[in-house]
Amino acid sequence: MKLIFMGTPAFTLPVLEALSKKHELLAIYTRAPKPAGHGMKLTKSAVHEWGDAHNIPVYTPATLKEELVQKEIADMGADAIIVYAYAMMIPTAVLNCTPKGCINIHPSLLPRWRGAAPMVRTIQAGDNETGVSLMRLDEGWDTGPVFGQEKVAIAPDETPESLRDKLNPLAVDMLMNLLDNFYEPTPQSEMGACYAPKVEKTEFLIDWSLTASQIERNIRAFEKCYFILNGKRVKVLKAKVLDGTGATGTTIDDKLQVACGKGILDLEILQKEGKNSTSKHDFLLGTKVPKGTNLCAIN
RNA sequence: CGCGGGGUAGAGCAGUCCGGUAGCUUGCCAGGCUCAUAACCUGGAGGUCGUGAGGUUCAAAUCCCACCCCCGCAA
């Protein structure tokens, strides 16, 4: 089939790779290069780099709302548009400009976790399972009819990255199968629908009044949670939930066990700002954190 | 020129401001003690202090210059 791919981050590459082997990629649409990294250098998206490397035309319009852009897409004569983490509003004209429409990979069991951050929110919520939904985009936010779904269990130590590794192969299989044997999707139910809002950076500062298990899930889901120690950010990259009580937000010993709203959180892997990540053991060699240290303080 | 932290023993850090014997903790090796230990005691190895036969100096981890690399914020 003749396809157009729309996507941006690196984790969409396996899908792109698979598509390129069995189908004809007419064009890639992705986010325009933007300043990123320490030097704020203009950086192309992973998908953009891939397209360059494989000699596939890459387009980076700031919006798809302009008629010229829409006409450009329609004139390519694609059979379908594959959308995976494109992070851009797709207007009706584009939704309907190919025979088979815009086919979207959504990493959740729709209608649960519609929206921007389904994998993060499903881990944060402590769900036991999630999955991939293959759907046709419509005007709503992930409300379109579904071609199919595959479930996976969420492991106790799941992170968005590990989850992607589980979901991606499923997504590839489902998508390839659909393209080989095209069939019509069935409408989504509204039962159990919920939204996965975009992650805000204010969510990264650890609120020790939450339960230890909730904080632990946040640590895994966001992978950027931190507290302030001696005026510096300390990221917590891995932690373990223990039983026990103590003054909320303070250490109950000199080994980085912190009392939470409920339970104790044992901090296992940490990273001081400007430094690489370290095990608890290494961290404590250079930074003493005596019993009773309050980690709630902002300064 | 986005803002900022950092590179010193295998690891995590102090020392740099104010130049003068290379330090701490841990790990490792050997020995001792102990029913036992992530316990304790004794001894030991391990360093081109990111790079530059750079600059200044009697003397540079420390001051000056250039470059390389890592990271936090931000995006």
Side-chain angles (χ1 to χ4, degrees), chain A residues 6-13 28-52 58-64 84-89 115-117 119-120 159-161 164 196-208 215 218-244 251-258 264-299:
Chain A
M6 297 184 174
T8 296
F11 66 78
T12 65
L13 292 181
I28 288 174
Y29 279 73
T30 188
R31 190 211 63 214
K34 67 171 184 179
H38 304 296
M40 291 297 270
K41 288 188 201 112
L42 221 52
T43 308
K44 290 179 178 179
S45 75
V47 166
H48 194 150
E49 296 281 5
W50 189 95
D52 285 352
V58 176
Y59 298 83
T60 60
T63 171
L64 302 182
Y84 190 13
Y86 185 41
M88 202 176 294
M89 160 70 188
M119 288 187 287
V120 169
T159 63
E161 194 181 355
R164 272 198 287 270
K198 196 172 82 175
V199 175
E200 299 289 340
K201 59 189 170 188
T202 53
E203 298 180 79
F204 299 153
L205 180 61
I206 294 175
D207 176 359
W208 297 105
I215 296 172
N218 287 356
I219 287 167
R220 272 189 291 125
F222 299 140
E223 299 180 291
K224 286 183 178 185
C225 289
Y226 67 94
F227 59 89
I228 303 288
L229 181 67
N230 303 326
K232 304 219 168 183
R233 286 187 186 216
V234 179
K235 264 196 215 171
V236 182
L237 300 174
K238 190 164 186 284
K240 188 166 60 186
V241 177
L242 303 174
D243 289 330
T251 52
I252 61 165
D253 59 12
D254 59 359
K255 297 209 169 8
L256 290 173
Q257 300 200 352
V258 188
I264 301 292
L265 204 60
D266 183 28
L267 311 184
E268 297 184 309
I269 299 181
L270 307 96
Q271 180 176 20
K272 242 196 291 197
E273 67 178 74
K275 297 292 194 175
N276 286 312
S277 65
T278 60
S279 65
K280 172 213 292 272
H281 177 264
D282 287 352
F283 183 88
L284 289 173
L285 289 177
T287 308
K288 298 303 170 200
V289 186
K291 177 179 179 178
T293 303
N294 187 330
L295 303 182
C296 297
I298 301 296
N299 52 2

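If you're wondering where the values come from, they're calculated on a predicted model, not measured in any experiment. Heavy-atom basis, side chains included; hydrogens, waters and symmetry copies ignored. Labels below follow one simple rule: chain letters A, B, ... track the order of the sequence lines, proteins then strands, and each chain is numbered from 1.
Remark: A/Lys275 is not in phosphate contact with B/G72, judged by side-chain N or O atoms under 4.0 Å from OP1 or OP2. Between A/Lys272 and B/G6 there is no side-chain polar atom (N or O) within less than 4.0 angstrom of OP1 or OP2.
Heavy atoms of other residues, nucleotides or ligands lying less than 6.0 angstrom from NZ of A/Lys288 number more than 12.
Using a distance-only test at 3.5 Å, with no hydrogens or angles considered, a donor-acceptor pair links the side chain of A/Asp253 to the main chain of A/Lys255.
In this pair, A/His38 lays its aromatic ring flat on the base of B/C71, centres within 5.5 Å and planes under 30 degrees apart.
Classification of the A/Tyr29-A/Tyr59 ring pair by plane angle, with boundaries at 30° and 60°, yields parallel.
Within residues 233-241 of chain A, the residues approached by RNA chain B to less than 4.0 Å at the level of any non-hydrogen atom are A/Arg233, A/Lys235, in residue-number order.
Using the Watson-Crick or G-U wobble rule with both distances under 3.5 Å, B/C67 pairs with B/G50. Across all strands shown, B/G2 is found opposite B/C73 as a Watson-Crick or G-U wobble partner, with both distances under 3.5 Å.
For the pair A/Asn218 and A/Glu203, the minimum side-chain heavy-atom distance is 4.5 Å or more.
Where A/Lys288 and A/Asp282 meet RNA chain B, the nucleotide closest to each residue was compared, and A/Asp282 sits on the side nearer the 5' end.
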Item checked: Test side chain to side chain contact (heavy atoms under 4.5 Å, CB included) applied to A/Phe283 and A/Leu267, step by step -> CA-CA 10 Å; A/Phe283 183 88; A/Leu267 311 184; over 6 Å; no
